[in-house]
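Read the numbers this way: they start at 1 and go in the same order the structure lists the ligands and their atoms. What's counted below: heavy atoms across the whole structure, side chains too, no hydrogens, waters or symmetry copies.
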Amino acid sequence: MKLIAGNWKMNGLKASVAELDALLAAPAPEGAELLVCPPATLVASFARRASGSHVKVGGQDCHWLESGAHTGDVSAEMLADAGATHIIVGHSERRADHGETDAVVRMKAQGVARAGLVPILCVGETLAERDSGATLEVIARQLEGSVPDVRALVIAYEPVWAIGTGRTPTTSQVAEVHAAIAARMGAGVRILYGGSVKPGNAAELLAVPHVDGALVGGASLKAADFLAIAAGAAA
Ligand code: PEP
């Protein structure tokens, strides 16, 4: 089963439940599990609505602590209480916009596991790092610094230069990085590819060895596109 996860980022109001409803109304895609990560404001209502269905609901980030004096933050336990099953940690936008280091990402991933949820831990190189031939070294360093010792974990390989840009690595570039991550992580850890996944390229990317699913940003906001991507898992 491939995991097709949608990262809605800072998009979505109550009315966006129409997109969730469209996912719920469609038959469960063959060979794919669906996960929608809406903004924190929608997690509880989406999880209630999707309860018992083929669609899971997740968070996009969390604090590493369970509770306390951290104004504006949300803990993994709160997202679990709201019905989330997974939480994305270490997304490159969090690393860039909020200065999150590998050490912080590791604490967050530990917090997710402490709450009984599955972390989706993002790694990926910048364009400068790719161009200088440092990709595998950067990924290895990020894994070394941010992967916690937890039972259930998903890794998302997201080249920073492919996020929201319409550019994707070649399938051999994806294969090379996924093989390196798989060798480092061992069996049992799913590895998602993320970065400009669209209905038109999903089947090709999902067919690459060690690609166990996709983390989808922009194209996850429309149910029709998200379902078309998930259909690529059956191809
Ligand atoms: C993401 O931000 O996780 C992502 C993959 O974005 P996009 O699909 O829009 O490139």
Query raised in the report: How close does the nearest protein non-hydrogen atom get to atom 9 (O) of ligand 1, and which residue and atom is it?
Result: G218 N, 2.8 Å
Query raised in the report: Among all protein non-hydrogen atoms, which one is nearest to atom 8 (O) of ligand 1, and what is the separation to 0.1 Å?
Result: G217 N, 2.8 Å
Query - Proximity to ligand 1 by part of S92, non-hydrogen separation under 4.0 Å - result: neither
**Report entry** T165-ligand 1 polar pair, N/O distance under 3.5 Å
**Finding:** no
Report summary line: Going by the 4.0 angstrom heavy-atom rule, the piece of N7 near ligand 1 is side chain
Query raised in the report: Do the side chain of S196 and the main chain of A162 share a donor and acceptor less than 3.5 angstrom apart?
Result: yes
**Report entry** Residue from H91, Q110, E100 passing side chain to side chain contact (heavy atoms under 4.5 Å, CB included) with V105
**Finding:** E100
Query raised in the report: A219 near ligand 1, heavy-atom distance under 4.0 Å?
Result: no
Requested in this report: Starting from atom 5 (C) of ligand 1, find the nearest protein heavy-atom neighbour and note its residue, name and distance.
Outcome: E158 OE2, 3.1 Å
Query raised in the report: Do I120 and V89 pass the side-chain contact (heavy atoms from CB on, under 4.5 Å) test, and can you show the C-alpha distance, the side-chain angles, and the key distance before you say yes or no?
Result: CA-CA 6 Å; I120 299 179; V89 293; over 6 Å; no
Query - Residue-ligand contact H91/ligand 1, heavy atom below 4.0 Å - result: yes
Query raised in the report: Strictly under 4.0 Å, does any heavy atom of A156 approach an atom of ligand 1?
Result: no
